[in-house]
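First the structure, in the form of C-alpha cells, and then the observations on it.
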Amino acid sequence: MEKKSMKGYIYLMPALIVILLFTAYPLIRAFLMSFYEDYNMISGEYSRIGLGNYKDLFGDKDFTKALRNTSIYVVFVVPCSIALSLLIAVLLNSNIKCQGLFQTIFFLPYVTSVIAIGLVWSWIFNSNYGLLNIILSWFGIDKVQWLNKPKYALPSLIIFSVWKSMAFDILIFLAGLQTIPKDLYNASRVDSTPRWRVFWKITVPGIAPMISYAFIMGFISAFKVYNEVFSLWGGKAGPANSAITVVYYIYDKFYNSHNYGLASAAAVILFLIILVLTIVQRMMGRKK
Amino acid sequence: MSKKRKIMNIIATVLKYAILILGALFTLMPFLWMIISSLKTPAEITAIPPKLLPSVPQWSNYAEAWKAAPFPRYFLNTIIVTIFSTIGVLATAILSAFAFSRLNFPGKKLVFSLFLATLMIPGEMLIITNFITITKLKWIDTYQAMIVPYMSNVFYIYLLTQFFSQVPDSLYLAAKVDKCSDFKFMMKIMVPMNKSAITTIAILNIIGCWNSFLWPLLVTNDRNMRVISNGLVRFQTEAGSDYQLIMAASTIMVMPIIIVYLFLRKYIIEGVTQSGLKS
C-alpha cells in the first residue's frame, strides 16, 4: 500500500456527501427535534427544549398501543418463521429431488413487492370471497372477519408476515446447513443414531450462528413493520387502529398531523430499540 | 429389524416430500390466487358460493387494468428512478470500496467504522428530516428526490470492499510500475475482476428500487410522478370492488421482478446469502 495522502477522500466524496446530508444530519436533527416543544417546521421555531414530547408520547394511547402491537407482532412472527424455516431447510438439505426448484419457490416472497402481494393477501383475507374462508368452509368453519374485526387484525398481519419472512430464513439456514461436514452425518448413520438426536446434536449446533443471526435480523426488521399494514388495510392501521405499529405511528404523526417533535421522539425510541438489538448481535457474534 | 427400518425410511421419505410440497403450496398460494383472480369475470369474483377457477380466462382484464390508471406512466417513472438510482449506487460503491481497499488516507479506519455504524440507524428515523430537506430544496415531485437520498448504500460499500480487498496487491504494484493511474486501474482491473459481485449489487438494488414504497409516496403529490407501488395502492382505492382488476394490476407489477429473479436467481441468492454469512 502506498503512503498516506488525501486522495482517498476524492474517491469517497460522492458517498460521503450523500451520507452526511441524508443520514448523519437527519440522525442528529431527529434527536434535536425530539426535544423541541411546539416545533414549527417552516419557521424552525420552538417554544422550549425539554422532555415534553416524550411525556406526550408515553401519554398517547395510540403510541403505547403501537408499542404493544409491534411487540406482540415481533414475538409471534420471528420464532414462528424461524421454526418453520428450520424444518423446511433441514428437509431441503437431506437428499431431495428437485432441490433447486423448491429453493426457487421458497425464496420467491423475498423478491416480490410487499405492497403488491399485500393487496393479494387482503383479497385472500376477504371475509366473503377470500380464499382463506373458502378453505375454512371445507372444514365446516364459519366465516372469519379477518380484516374487519380488531381481534383478528394482528393475527392476519402475523400470518402474512410469517409467509414473507420465511423466504430469508430458509435461505440463510440452507446456506448454513451446507457448511456442516457430511462426515458428521455419515458417522451418525453408521452408529444408527435416531434422527431427532442427530438434529439436536449435529444440525442445531452447526447452524447456531445462522439461527441467532436470523433472530436478530428478524427482530430488527419486524420492529420496523409498516408496508404490510399499509397494504392489508389500504393505508389504514386496521379496524379501529387495532393494527397500528411504531413506524405507522411515526409516519402518521409527521405526515398527517405535522407533529414533528412527537414523531421524532417516537423515532428515537425505535432507534434505541434497534440499537440494543444490534449491540446484542455484535456481542453474540464476538463470542464465536 | 432391517425390514422395519425400510418401512420407517419409506414413511420418512413420504412425510418429507409431503411437508415440502405443502410448504411450497403455501408459498405459491398468493401468487396462484392472484393470477387466478385476475382472470375471473366480475360476476365470478364475487360469486356465492365462491368459484375457485374462472370458466373462461378473462385475459382482457389485463388490458382493462393497464388502461384504468396511468400505469404506463407509473412504469416509466419506476424505470427512470431504478436506472439512475442503480447507476448512482454502483458509482458511489465502486469509488468508496476502491478507496477503502487500495488507498491509504488519514482517518481511514475511523471513516470506515463510522460508515458501518450508519447500518444501525433505522431508515424510518431519517425520513422526517429528509422530507423537510427535500421540501426546502423544492425537490417535491422530482425524480432526484427519489434517487439522490438513496444513492449511497453502506451495506453494498462494505460488501464490495471485501471483494476488492481480495484482489492481490501485486497487481496494483505492477500497475503502479507501468504508470497506470489509480482511476484507470480501478476501471480496467478492479471492476472487471469483480464483475459478478457488482452484478449482484446491481440486481439487489434494482429489486429494492422497484419495490420501494414509503419514500416515493412521501415526496410525490403529482400523479404523473408516482412510481408503480404508489400507483397500485391508489388504484386499489379507486377500483373499489373490482378485485379482478386489482389482481391484474398487482400481477403486472410483480411479473418483471419475478422474471428477473428466475433468470438471475444465482446472483440474488448468492448476494443475500453472503449478507447473512459475512456479518
Side-chain angles (χ1 to χ4, degrees), chain A residues 1-9 11-12 14-15 18-19 22-23 25-27 29-30 41 88 91 94 102 104-109 111-117 119-121 123-124 129 131 134 171-172 175 210 213 224 226-227 234 247 250 254-255 260 263-264 267 270-271 274-275 278, chain B residues 16 19-20 23-24 26-28 30 33-34 37 45-46 50 91-92 95-96 98-99 103-106 108 111 118 120-122 124-126 128-130 132 148-149 151-152 157 207 210-211 213-214 218 229 232-233 236-237 243 246-247 250 253-254 257-258 261 265 268-269 272-273 276-277:
Chain A
M1 209 162 286
E2 63 181 325
K3 63 178 192 311
K4 282 192 183 181
S5 76
M6 299 304 280
K7 205 162 86 190
Y9 283 102
Y11 284 80
L12 276 186
V18 175
I19 289 175
F22 292 106
T23 306
Y25 165 69
L27 176 71
R29 270 298 293 270
M41 184 269 263
I88 301 272
L91 294 180
S94 68
F102 276 118
T104 307
I105 291 173
F106 285 126
F107 193 61
L108 200 52
V111 297
T112 41
S113 151
V114 172
I115 293 297
I117 216 71
L119 292 182
V120 179
W121 275 98
W123 176 230
I124 289 171
Y129 318 110
L131 181 63
I134 296 179
L171 183 79
I172 294 290
M210 284 77 193
Y213 178 73
K224 301 197 281 191
Y226 173 80
N227 288 356
V247 171
I250 296 174
F254 112 86
Y255 196 68
Y260 291 87
S264 298
L270 178 71
F271 173 72
I274 298 212
L275 186 70
T278 316
Chain B
K16 197 159 79 176
I19 293 172
L20 282 176
F26 175 63
T27 308
L28 283 178
W33 191 238
M34 171 175 80
S37 302
I45 204 137
T46 53
T92 59
L95 287 169
S96 310
F98 183 71
L103 302 176
N104 209 358
F105 51 91
K108 179 164 132 175
V111 176
T118 64
M120 281 188 256
I121 307 165
E124 289 74 6
M125 186 184 190
L126 310 174
I128 305 169
T129 310
N130 283 344
I132 299 174
V148 176
M151 238 167 56
S152 162
I157 293 176
I207 294 174
W210 192 269
N211 295 339
F213 174 71
L214 180 55
L218 292 179
S229 62
L232 186 63
V233 164
Q236 184 213 16
T237 43
Y243 257 96
I246 299 171
M247 290 302 107
S250 300
M253 172 173 181
V254 165
I257 290 297
I258 292 188
Y261 167 65
R265 91 198 145 94
I268 299 170
I269 287 180
V272 177
T273 311
L277 299 186

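Each chain gets a letter, A, B and so on, in the order its sequence line appears, and its residues count up from 1.
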Original post:
Can you check side chain to side chain contact (heavy atoms under 4.5 Å, CB included) on B/F213 and A/V114, steps first, answer last?
Top reply: CA-CA 9 Å; B/F213 174 71; A/V114 172; over 6 Å; no
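- For the set B/V111, B/I246, B/L218, the count of heavy-atom pairs under 4.5 angstrom toward chain A peaks at B/L218.
- Between chain A and the residues B/I207, B/L214, B/I128, the most heavy-atom pairs under 4.5 angstrom are made by B/I128.
- At a 4.5 Å heavy-atom cutoff, the contact between A/I134 and chain B is made by side-chain atoms alone.
- A/L27 CG to B/L126 CG: the interatomic distance, rounded to the nearest 0.5 Å, is 6.5 Å.
- If you measure heavy-atom distances from A/Y255 to chain B, the contacts under 4.5 Å come from the side chain alone.
- Using a 4.5 Å cut-off between heavy atoms, A/F254 touches chain B through its side chain atoms alone.
- Looking at A/I105, both its backbone and its side chain come within 4.5 Å of chain B, counting heavy atoms on both sides.
- Counting only heavy atoms from C-beta outward, the side chains of B/T27 and A/P109 approach each other to under 4.5 Å.
- Looking at heavy atoms from C-beta onward, A/S113 lies out of side-chain contact with B/W210 at the 4.5 angstrom threshold.
- Here the straight-line distance linking atom OH of A/Y25 with atom OG1 of B/T129 works out to 6.5 Å at 0.5 Å rounding.
- Contact record, A/L12 with B/A99: CG-CB, 4.0 Å, taken as the closest heavy-atom pair.
- The heavy-atom pair separating A/V120 from B/S250 by the smallest distance is CG2-CB, 4.4 Å.
- Ranked by heavy-atom pairs shorter than 4.5 Å toward chain A, the options B/V233, B/T118, B/I268 are led by B/V233.
- Per-residue heavy-atom pair counts under 4.5 Å with chain B were compared for A/I88, A/I124, A/V247, and the maximum is reached by A/I124.
- Minimum interatomic distance between B/F105 and A/S5 (heavy atoms only, all atoms of both residues): CB-O, 3.0 Å.
- Minimum heavy-atom separation, B/G23 to A/F106: C-CE2, 3.4 Å.
- Counting heavy-atom pairs closer than 4.5 Å to chain A, the top-ranked of the candidates B/P106, B/A91, B/S37 is B/P106.
- For the pair A/Y129 and B/I45, the minimum side-chain heavy-atom distance is 4.5 Å or more.
- For chain B, the option among A/T278, A/I117, A/I274, A/V111 with the highest count of heavy-atom pairs below 4.5 Å is A/V111.
- For chain A, the nearby parts of B/M120 are the backbone and the side chain; heavy atoms of each come within less than 4.5 Å.
- Between the CG atom in B/L232 and the CD1 atom in A/I115 there is a gap of 8.0 Å [rounded to 0.5 Å].
- Only the side chain of A/F102 has a heavy atom closer than 4.5 Å to any heavy atom of chain B.
- Among the candidates A/T112, A/L131, A/L275, A/I250, the residue making the largest number of heavy-atom pairs closer than 4.5 Å to chain B is A/L131.
- Heavy atoms closer than 4.5 Å to chain B are found in both the backbone and the side chain of A/W123.
- Residue A/Y11 holds its OH atom at 15.0 Å from OG1 of B/T92, rounded to the nearest 0.5 Å.
- Atom-to-atom distance recorded for A/L91:CG and B/I19:CD1 is 5.5 Å, nearest 0.5 angstrom.
- The part of B/Y243 that comes within reach of chain A is its side chain, from C-beta onward, which places non-hydrogen atoms under 4.5 angstrom from that chain.
- Residue B/I258 holds its CD1 atom at 12.0 Å from OG1 of A/T104, rounded to the nearest 0.5 Å.
- Closest heavy-atom contact between B/Q236 and A/G234: OE1-CA, 3.7 Å.
- The contact between B/M253 and chain A is made entirely by side chain atoms (from C-beta outward), counting heavy-atom distances below 4.5 Å.
- Across B/M125 and A/F271, no two heavy atoms sit closer than the pair SD-CB, 3.5 Å.
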